[in-house]
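Notes follow once the structure below has been shown.
All figures in this text were calculated on a predicted structure; none of them were measured in a lab. Sequence lines set the chain letters: A, B, ... in the order given, protein chains first and strands last, and positions in each chain run from 1.
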Amino acid sequence: MLRLFNTLTRKKEIFRPLGDVVGIYTCGPSVYQYAHIGNFRTFIFEDILVRYLKFKGYKVKRVMNLTDIEDKAISTARKEGKTLRDLTEYYTKIFFEDMKTLNLLPADVFPKATEHVPEMIAIIRKLMENGYAYRGTDGSVYYDVSKFRYWGKLSHLKLKTGKKKIKRDEWGEESAIISDFALWKSYEKEDRDVFWETEFGKGRPGWHIECSAMCTKYLGTRFDMHIGGVDNIFPHHEAVIAQNFGAFSENPSRYWLHSRHLMVDGRKMSKSAGNFYILRDLLDRGYEPMAIKYLLLSVNYRRRLNFTLEGLVEAGKKLEKIQNAIERLKYSNGGDDAEKMARKTLKNFERALDDNLNTGKALKVMEELTDEISRINPDRESSEKTLGTYRVFDSILGLGLFKLS
RNA sequence: GCCAAGGUGGCGGAACGGCUACGCAAUCGCCUGCAGAGCGAUUCCAUUCCGGUUCGAAUCCGGACCUUGGCUCCA
């Protein structure tokens, strides 16, 4: 029985699907730069979750959005003298390549924000009609958070409503005052050719509306899971809930899952600290993609994971050890029975993943099986059965365990 | 300030009331034409601190101390 930690309730809850198909929406990449390994920690987690649900017999529909319009993307395109479209198409292509390199299954739908402006407008219209939105003096449309009584429920922040912006690093009484957020931003000349003519004027979408529009379009007003990194909790997912509630009177997702950020060399990964890794840099330096994946899976997604190059080497060794054991099983023709061990391991593997997708533990039980069968000389029949067990593991983990074959 | 997570051997990381995981690293053997891989053995007073509950605590309770994360750039 699968249990997942729901940010909304801050508890592990037994997973019960709403319908025949498990609907999963995940906040995908902003395609104006290379995705880094931290991004991939989240995407790998999501991938294993999807694969595991399928293994358990669920049908899954997964939607992953591509954010191809936002402030940074626009300014990056301007700096590089490219059109927004050229820029985002390039990084989208790279992202798909990286996903393939890491053996991640593609989502069923990859909707792009720029292709869903009419859907966004429809939701903003509803929000206006329902009294959750207003036109600002600058012509933009804002969400009035004072109208939403559950504002702050997901993030568990005690937020005071107000129009003031908080100042960072000046925590005091006023620090929890938050501002309304933009649904539709009116046109500024820095936007150049990035605009749409709509009933709310010439402009472009706000930061959060795309997810409301696209999750609703592809999964309906109520689906099973919404996933992202912890940084999305506030304000992004809080805003998505507010938007959907204002438009459709319900929280769009039953479970909200958030993966924790990874650390690099014991510190938060950041460009300024020089500990910022993107996939292709690591590959250029000779590291194996599956070793990277192995390391990223070695700790449960809600725990802090410290990414180091030493850890990466170690992960590569562990993976190799398993690959070697599998290779040996293909030809072993001894007299020992491995099947019992394999069956026990599969059970423990499932138990680990059932517990909030504890991939670290799952890898551990797999390593233990590997050690056990290395000590014996399995007979032909149980070797085949054990290989079957490894195939199950690999179908869920996608680690290329049969690489040597 | 508010809200969280966590502190286990040289390192990573299990165990959530009892049998002192496991892996990596290190040392020594075995196997091997060499290499790789593998096997066996060995070493290391590990549970932040102080109380409490208990026959028994890393695990439960209370209190310290410390670390990390979030609080509209961010997966």
Determine the interatomic distance between P on C44(B) and the same-named atom on C34(B); round to the nearest Å.
-> 33 Å
Ranking C71(B), U68(B), A21(B) by distance to the side chain of F234(A), first place goes to C71(B)
If we require ring centres under 5.5 Å and near-parallel planes under 30°, does H261(A) stack on A75(B)?
-> yes
Polar contact flag, side-chain donor to acceptor under 3.5 angstrom, E368(A)-T345(A) | no
Does any donor atom in the side chain of Y34(A) or D281(A) lie under 3.5 Å from an acceptor atom in the other side chain?
-> no
Assess whether atom CD of E381(A) is packed by more than 12 heavy atoms of other residues, nucleotides or ligands within 6.0 Å.
-> no
Given the P atoms of A35(B) and G29(B), what is the spacing between them in whole Å?
-> 15 Å
Contact class for I233(A) vs. all strands (heavy atom < 4.0 Å): base, sugar-phosphate, or nothing?
-> nothing
Could you check which of U68(B), A14(B), G23(B) has an atom nearest any side-chain atom of R303(A)?
-> A14(B)
Side-chain donor or acceptor of K72(A) under 3.5 Å from a matching atom on the base of C73(B)?
-> yes
Judged by modelled atom types alone, do D354(A) and Y52(A) share a side-chain donor-acceptor pair under 3.5 Å?
-> yes
Have Q33(A) and T76(A) got a donor and an acceptor in their side chains that come within less than 3.5 Å?
-> no
Provide the distance between the two P atoms, one in G9(B) and one in C2(B), to the nearest whole Å.
-> 32 Å
Consider the side chain of K321(A), meaning its heavy atoms from C-beta on, and name the nucleotide among A4(B), C24(B), A75(B) that approaches it most closely.
-> C24(B)
Distance-only side-chain donor-acceptor flag, T216(A) / T221(A), under 3.5 Å | no
Between S75(A) and Y32(A), a side-chain donor and acceptor under 3.5 Å | no
Measure from the side-chain heavy atoms of K317(A) and tell me the nearest of C3(B), C24(B), U68(B).
-> C24(B)
Examine G69(B): is either OP1 or OP2 under 4.0 Å from a nitrogen or oxygen in the side chain of R304(A)? Give yes or no.
-> no
Taking the P atom of each, how far is A14(B) from C55(B), in whole Å?
-> 32 Å
Ignoring the backbone of D371(A), work out which of C22(B), C24(B), A37(B) is nearest its side chain.
-> C22(B)
Nearest whole angstrom, please: distance from the P of G70(B) to the NZ of K153(A).
-> 25 Å
Base, sugar-phosphate, or nothing for R302(A), non-hydrogen atoms under 4.0 angstrom?
-> nothing
Whole-angstrom distance between G6(B) and G62(B), as gauged at atom P | 15 Å
Taking atom C1' of C24(B) as reference, at what distance in whole Å does atom NZ of K364(A) sit?
-> 15 Å
Short side-chain donor-acceptor distance under 3.5 Å, H258(A) and N232(A) = no
Would you mind telling me which of C24(B), A15(B), C3(B) lies closest to the side-chain atoms of E314(A)?
-> C24(B)
Pairs counted as Watson-Crick or G-U wobble with both distances under 3.5 Å: what dot-bracket string results for RNA chain B, using | for bases tied to another strand?
-> (((((((..(((.....[...))).(((((.......))))).....(((((..]....))))))))))))....
Is G311(A) touching bases, backbone alone, or none of the nucleic acid, heavy atoms closer than 4.0 Å?
-> nothing
Specify the residue among N358(A) and R10(A) whose closest nucleotide of RNA chain B lies further upstream toward the 5′ end.
-> R10(A)
Is any side-chain N of the basic residue among R254(A) and E13(A) closer than 4.0 Å to the acidic one's carboxylate O?
-> no
NA contact type, H36(A), heavy-atom cut-off 4.0 Å: base, sugar-phosphate, or nothing?
-> base
Span that lies between the P atom of C3(B) and that of U47(B), in whole angstrom | 33 Å
C1' atoms of C49(B) and A58(B), separation to the nearest Å = 14 Å
Can you tell me how far C1' in G12(B) sits from the matching atom in A75(B), rounded to whole Å?
-> 23 Å
